[in-house]
Amino acid sequence: MDKTFNPENIEKARYKEWEDKGYFEASGSGDPYCILLPPPNVTGSLHMGHAFQHTIMDALTRYHRMKGDNTLWQTGTDHAGIATQMVVERQLNAEDKTRHDLGREAFVEKIWEWKAHSGGTITQQMRRLGDSCDWKREAFTMNEDLSKAVTEVFVKLHEEGLIYRGQRLVNWDPVLHTAVSDLEVLNEEEAGFMWHMRYPLADGSGEMIVATTRPETMIGDTGVAVNPEDERYKHLIGKEIKLPLTGRLIPIVGDEHADPEFGTGCVKVTPAHDFNDYEIGKRHNLPMINIFTADAKMNNEVPEKYRGLDRFEARKLIVADLEEQGVLVKVEDHKLKVPRGDRTGAVIEPYLTDQWYVKVEPLAKPAIEAVEKGDIKFVPENWNKTYYQWMYNIQDWCISRQLWWGHRIPAWYDDNGNIYVGRDEAEVRSKHGLADDVALRQDDDVLDTWFSSALWPFATMGWPEETPELNTFVPSSVLVTGFDIIFFWVARMIMMTLKFTGKIPFKEVYITGLIRDEHGDKMSKSKGNVLDPIDLIDGIELETLVEKRTAGMMQPQKAQKIAKRTRSQFPEGIASYGTDALRFTFLAMASTSRDINFDMGRVEGYRNFCNKLWNASRFVLMNTEEADTGKNGGDIELSLADKWILAKFQNTLKDFEKAVSEYRFDIAAQAVYEFTWNQFCDWYLELTKPVLNNDASSEAQKRGTRHTLVNVLEQLLRLMHPFMPFITEEIWQRVAPLTDVKDVTSIMIQQFPQQSADMLDEKALQDVEWMKSFIVGIRNIRGEMDISPNKPVPVLLKNASDEDKRRMKDCDLFLATMARLESVTVLAADEKAPASATALVGEMEVLIPMAGLIDKDAELARINKALEKIEKDYARTEGKLSNESFVSKAPEAVIAKEKAKLDEFKMQMDKLKEQQASIAAL
RNA sequence: GGACGCUUAGCUCAGUUGGGAGAGCAUCGCCCUUACAAGGCGAGGGUCACUGGUUCAAGUCCAGUAGCGUCCACCA
């Protein structure tokens, strides 16, 4: 084995072997355990958030597979309608072409090409992460099976009246020329203005001042609203206003929406371009005048001079005209929420169009109940509040998109504007008795991407066919995802799966936090702080990284800043840490669902951890590979250390499994790390040396220690495998043949270690703790007194009990080596000790005579420091116990504990003082 | 306006029914001791954001304040 751990040499080959041998497929026996991969968009590549979630899913999958469950990790990708279409359109734009130059068919063909390429990238990246998902079942939301499910769901919902077509005001993205759902609109506060305008009464009897943030829409005004209770204006209700610029007469209406406290109390009403005004318009039967084209330019409804102008150009001109005509009263600075498309960033326009909708309320009801009844549990639980909040106020879902990439809506129109819905044109014709010569035209629109995603839990299992998978893996076990798609995806899956299978889609929803950069900023291309998980695995040169982060930046200034920041943060580029170190980092940071500020220091630390494991394994192999490990029989005698590490391993195993069952991967990781480094490496390996290197050890003793070495390591590797699949497999291949394991094909299809109470040797645990404190005591004196660790020291024992003496004897060999003892002398009760440095082991004092070794002042300082600390503890404990209300009210166990502490402190204090006095007297 | 979350060591974070403040990284000292310098041994470092309350006892429970963050709704 190499002297240091080199991940790049092992990972790819191992993965290929697992995949080729079919280890990722469900075994077909055991309890079903299923995780649905949130299908990544085929738009690009995996980011840190994916890597994080995939690590958790893979750890769970591997763990349950090893536990013997019938385990399926269902994988696949999402066609991501808008996002993908935009990527390919941008590519066309770079060639000075638009999708219209190609036409629909050719354009969609081009997207399929891109999908093949990009989807391949993603699946390759998943393999690098070690994802043990079943590639044979890989799904894609636009493939034939899923498309069939989509059509089926659409038709059925339509038949039940849960899908309908209607003309409504929608969120219109004027760049993409499509409607988007409420969820795809982000409302950001931006600085703007409030224009106050003078609207004259038609009868010349006065005027009203209305205020608006969008003066250009005044051309589409069809009313002015005042609150019916507003004393200032209520007498005007029913009168008319003469709208400036157009001269149209519009009515004054009384409507609760107008807030007398806000602005002037008078609201201009533009029903075709504002959601609130739309409702007012409906209430008062006001006409709706659409003044925009699909790309948000002024249309032919407006006075000629404004026609064809972009809405913001028109705004300037209209404001200027209003000012000139004396209509404009004043302009104030005003902060307002501007709706922007989440993909394009374009200002969304409320726009009157025909769209398809899902009537959501009847679907939402059972979906809410499923969570209320506890059939579906959110982890952590408080996310159910977020879920309820949205579900209780759910609005109908606009599912049609004016795009080319997606599932074409299965609806056909005849020349008279009749609409027919069916699985295909032939079905439509036969269902509605339409002759072949009746011209039918399929709806041009496609469905919202999330419509097909909502079917993922059952569509990937073969629905609408009755498949065995549908029976076995619905519901799935746990959904691992981010809070950002609870509404987009989680809620909709619950609704659709309940509707079409009568079953919940998953039993638990584990909500992860977001991966942010080291300062808590969101990782984004424009900030230039994006880390690519693959770069952390393979490493990347500084120049390549800078190039990657600054490529395609719109503003060169920004690119410079990013380059500078990158150079200072990674002067040497990024080292290759390997998949296992990256995975372990994610798991160790996955505490609750709070966001994670990704810290490179942690990755490096866990890379070192991999190296530690690697070298510990080298040590084990060095001592066992050419030797008798007892796997073929022979007497075995376990040392105290052997018994101790076996017991420690049991405790670790128990902690690990408990933590995993609670999705506390940080605690599980911590347990593994602590055991491996602080117990197995720091103590156990050192404790095997005296046994293995001592000529006095019997063959049974050596065999016992070798047997323990390989078998504990082997079990540890299995324990760690779900977290660090590659390194554990690599080492296991060497170690397993030396152990009692029969099947040495691959670690990933082994049983997970079994908890066993017989291995919990309490006596060994206590004896070794005693021994550790003995050794640490000596080391501490050495460290502070500058005594070389190599120099053997004589030791005197004072106040040693029979138990201490027994332990001295049992630990004799270990103590001599680990503490480098020259000699051990047990002092009789009345025997006077020479001046010494002291360490306390329980009530026993371990003395190192000062003669020639120890400096008087240094030892005094050391004692004083210890004394100070102990005195503080003593005072605090004594204070508690002398507090009458504590003694009378605290539970007895607590009081007893405090008393024991007090005695302990007193004893230590006395000994230290005694020591202090005798040294001071020198 | 409503909901949720955060504030603990220089940095990134744990701290599970209230009962002697922890980890990793960074820092300091000594060590190239044949598994490992990506290491070993030892050490230093915190008025747990602030104020008040409940309690014998509060990082932990309650109320409030300040700062930060997220989501939902929204006033033209």
Students often get this wrong, so: under 4.0 angstrom with heavy atoms, is A:Cys610 touching a base, only sugar-phosphate, or nothing? nothing
The side chain of A:Thr4 lies closest to which of these nucleotides: B:A38, B:C56, B:U12? B:A38
At less than 4.0 Å, is any side-chain N or O atom of A:Thr386 found next to OP1 or OP2 of B:C4? Yes or no. no
Side chain of A:Lys865 (C-beta onward), nearest among B:G44, B:G5, B:A76: B:G44
Integer angstrom distance from the P of B:U60 to that of B:U70: 26 Å
Matching residue for A:Phe609 among A:Tyr577, A:Tyr673, A:Phe5 - test: ring-ring contact (aromatic ring centres under 6.0 Å, His included): A:Tyr673
Regarding the side chain of A:Asn608, the nearest nucleotide among B:G39, B:G42, B:G15 is B:G39
Nearest to side-chain heavy atoms of A:Asn883, which nucleotide of B:C13, B:G42, B:C56: B:C56
Out of B:U16, B:A76, B:U33, whichever nucleotide has its closest atom nearest the side chain of A:Asn790: B:U33
Check the phosphate of B:G15 against A:Arg664, side-chain N and O only, distance under 4.0 Å to OP1 or OP2. Yes or no? yes
Among the candidates B:C56, B:A76, B:A38, find the nucleotide nearest to the side-chain atoms of A:Thr213. B:A76
Nearest to the side chain of A:Glu686, which nucleotide is it out of B:C36, B:G42, B:C72? B:C36
Searching all strands shown, indicate the nucleotide that pairs with B:C68 (Watson-Crick or G-U wobble; both distances under 3.5 Å). B:G5
In the strands shown, is B:C25 matched to any nucleotide by a Watson-Crick or G-U wobble pair with both distances under 3.5 Å, and which? B:G10
Respond yes when some side-chain nitrogen or oxygen of A:Lys385 is under 4.0 Å from OP1 or OP2 of B:C4, and no when none is. yes
Checking contacts here: which listed nucleotide (B:A38, B:G19, B:G24) is nearest the side-chain heavy atoms of A:Val894? B:G19
Under 4.5 Å between any side-chain heavy atoms of A:Asn597 and A:Glu518, yes or no? no
Give a yes or no answer on whether the side chain of A:Asp221 reaches the backbone of A:Gly223 with a donor-acceptor pair at less than 3.5 Å. no
Which residue lies more 5' along RNA chain B, comparing A:Glu662 with A:Val776 via nearest heavy atoms: A:Glu662
Pairing nucleotide - B:U54, Watson-Crick or G-U, each distance under 3.5 Å: none
Separation of B:U33 P from A:Lys791 NZ (nearest whole Å): 18 Å
